[in-house]
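Notes for the one structure printed next.
Computed from a prediction, not measured in an experiment: that's the story for all the values here. Atom set for the values below is all heavy atoms of this structure, side chains included, hydrogens, waters and symmetry mates excluded. Sequence positions, counted from 1, serve as the residue numbers for this chain.
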Amino acid sequence: MGRALPFLIVVVATLVALIDCLSTDRDDVRGLPKVVWCFVILVLPVVGVIAWFFAGRPLATEQHAGLAAQGGARRRPAKPVAPDDDPDFLRNLDTNQSRRDAELLRSWEEDLKRREEE
């Protein structure tokens, strides 16, 4: 177990750095493009991880500077993560569903009138 501990620490640190790099917005990455940072982290696990956390990762002050500049608002509008987070999608869905329901009701009423006349 004693020999495996340094290897385990390097693997965990590499995974944490890689996940952090992949989840960071492309515009916020410093120094190199995001793809290059991922490559550096994977190819040079110890050096790449240290370099990512000191030179590539966005600074906390940079992340909060955009919030303070706009009075607490985000620098750019948040992208919807899922369709049900997007108000335009929900509005469109509601409109389309209402239209389909109205058409279906109209066809049922016409069918009912036709059957009553027969």
Side-chain angles (χ1 to χ4, degrees):
M1 179 68 181
R3 290 186 215 168
L5 189 60
F7 175 74
L8 189 62
I9 290 171
V10 169
V11 168
V12 169
T14 302
L15 287 175
V16 168
L18 188 61
I19 290 170
D20 186 44
C21 180
L22 291 172
S23 64
T24 302
D25 193 19
R26 180 181 42 181
D27 299 332
D28 293 338
V29 175
R30 297 183 300 148
L32 300 170
K34 191 173 178 177
V35 175
V36 175
W37 274 117
C38 291
F39 183 73
V40 168
I41 291 169
L42 288 173
V43 172
L44 306 168
V46 176
V47 176
V49 168
I50 293 169
W52 166 251
F53 283 113
F54 286 106
R57 191 167 193 247
L59 297 175
T61 55
E62 288 177 359
Q63 291 174 344
H64 298 297
L67 297 176
Q70 295 184 0
R74 293 181 60 100
R75 284 183 294 197
R76 54 188 168 271
K79 299 177 215 167
V81 176
D84 58 346
D85 293 338
D86 187 1
D88 294 332
F89 174 80
L90 293 175
R91 192 175 314 109
N92 189 24
L93 181 67
D94 187 39
T95 304
N96 289 342
Q97 187 64 39
S98 298
R99 189 176 304 127
R100 275 187 250 132
D101 289 345
E103 290 173 8
L104 185 60
L105 181 61
R106 195 173 319 117
S107 69
W108 285 347
E109 288 174 344
E110 290 172 2
D111 187 41
L112 183 62
K113 284 182 185 179
R114 185 182 49 82
R115 288 182 183 192
E116 288 176 350
E117 290 174 357
E118 291 178 354

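Leu112 shares a hydrophobic cluster with no other residue; no ILVMFWY side chain has heavy atoms under 4.5 Å from its own.
Residue Val49 comes nearest to Ala17 through the heavy atom pair CG2-CB, 3.9 Å, listed as atom of the first residue, atom of the second, then distance. Nearest heavy-atom pair across Thr24 and Lys34 is O-NZ, 2.7 Å. The minimum heavy-atom distance between Asp28 and Pro58, with the atom names listed, is O-CB, 3.5 Å.
Residue pairs meeting the ring pair (Phe, Tyr, Trp, His ring centres under 6.0 Å) criterion with at least one partner in residues 82-115, sequence neighbours excluded, do not occur; the list is empty. Legend: ring pair (Phe, Tyr, Trp, His ring centres under 6.0 Å) pairs involving residues 19-49, not counting sequence neighbours, sorted by first then second residue: Trp37-Trp52.
Surrounding CZ of Arg115 are at most 12 heavy atoms belonging to other residues, nucleotides or ligands under 6.0 Å away.
Val47 and Phe54 are members of different hydrophobic clusters when ILVMFWY side chains are connected at heavy-atom separations under 4.5 Å. Cluster annotation: Leu42 is connected to Leu32 through the hydrophobic network of ILVMFWY side chains, with a link wherever side-chain heavy atoms come within less than 4.5 Å. The hydrophobic clustering, which links ILVMFWY residues whose side-chain heavy atoms are closer than 4.5 Å, places Val29 and Phe53 together. Note: the hydrophobic cluster containing Val35 does not contain Leu18 (ILVMFWY, side chain heavy atoms under 4.5 Å, direct or indirect links). Cluster annotation: Val40 is connected to Leu22 through the hydrophobic network of ILVMFWY side chains, with a link wherever side-chain heavy atoms come within less than 4.5 Å.
Salt bridge status for Arg106 with Glu110: absent, with no side-chain N to carboxylate O gap under 4.0 Å.
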Q.
Using side chain to side chain contact (heavy atoms under 4.5 Å, CB included), reason through Asp101 and Leu105 one step at a time and then give a plain yes or no.
A. CA-CA 6 Å; Asp101 289 345; Leu105 181 61; over 6 Å; no
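When Val16, Val10, Val12 are each tested for a side-chain contact (heavy atoms from CB on, under 4.5 Å) with Thr14, only one passes: Val10.
Between the Arg26 side chain and the Pro33 main chain, no donor and acceptor come within less than 3.5 Å of each other.
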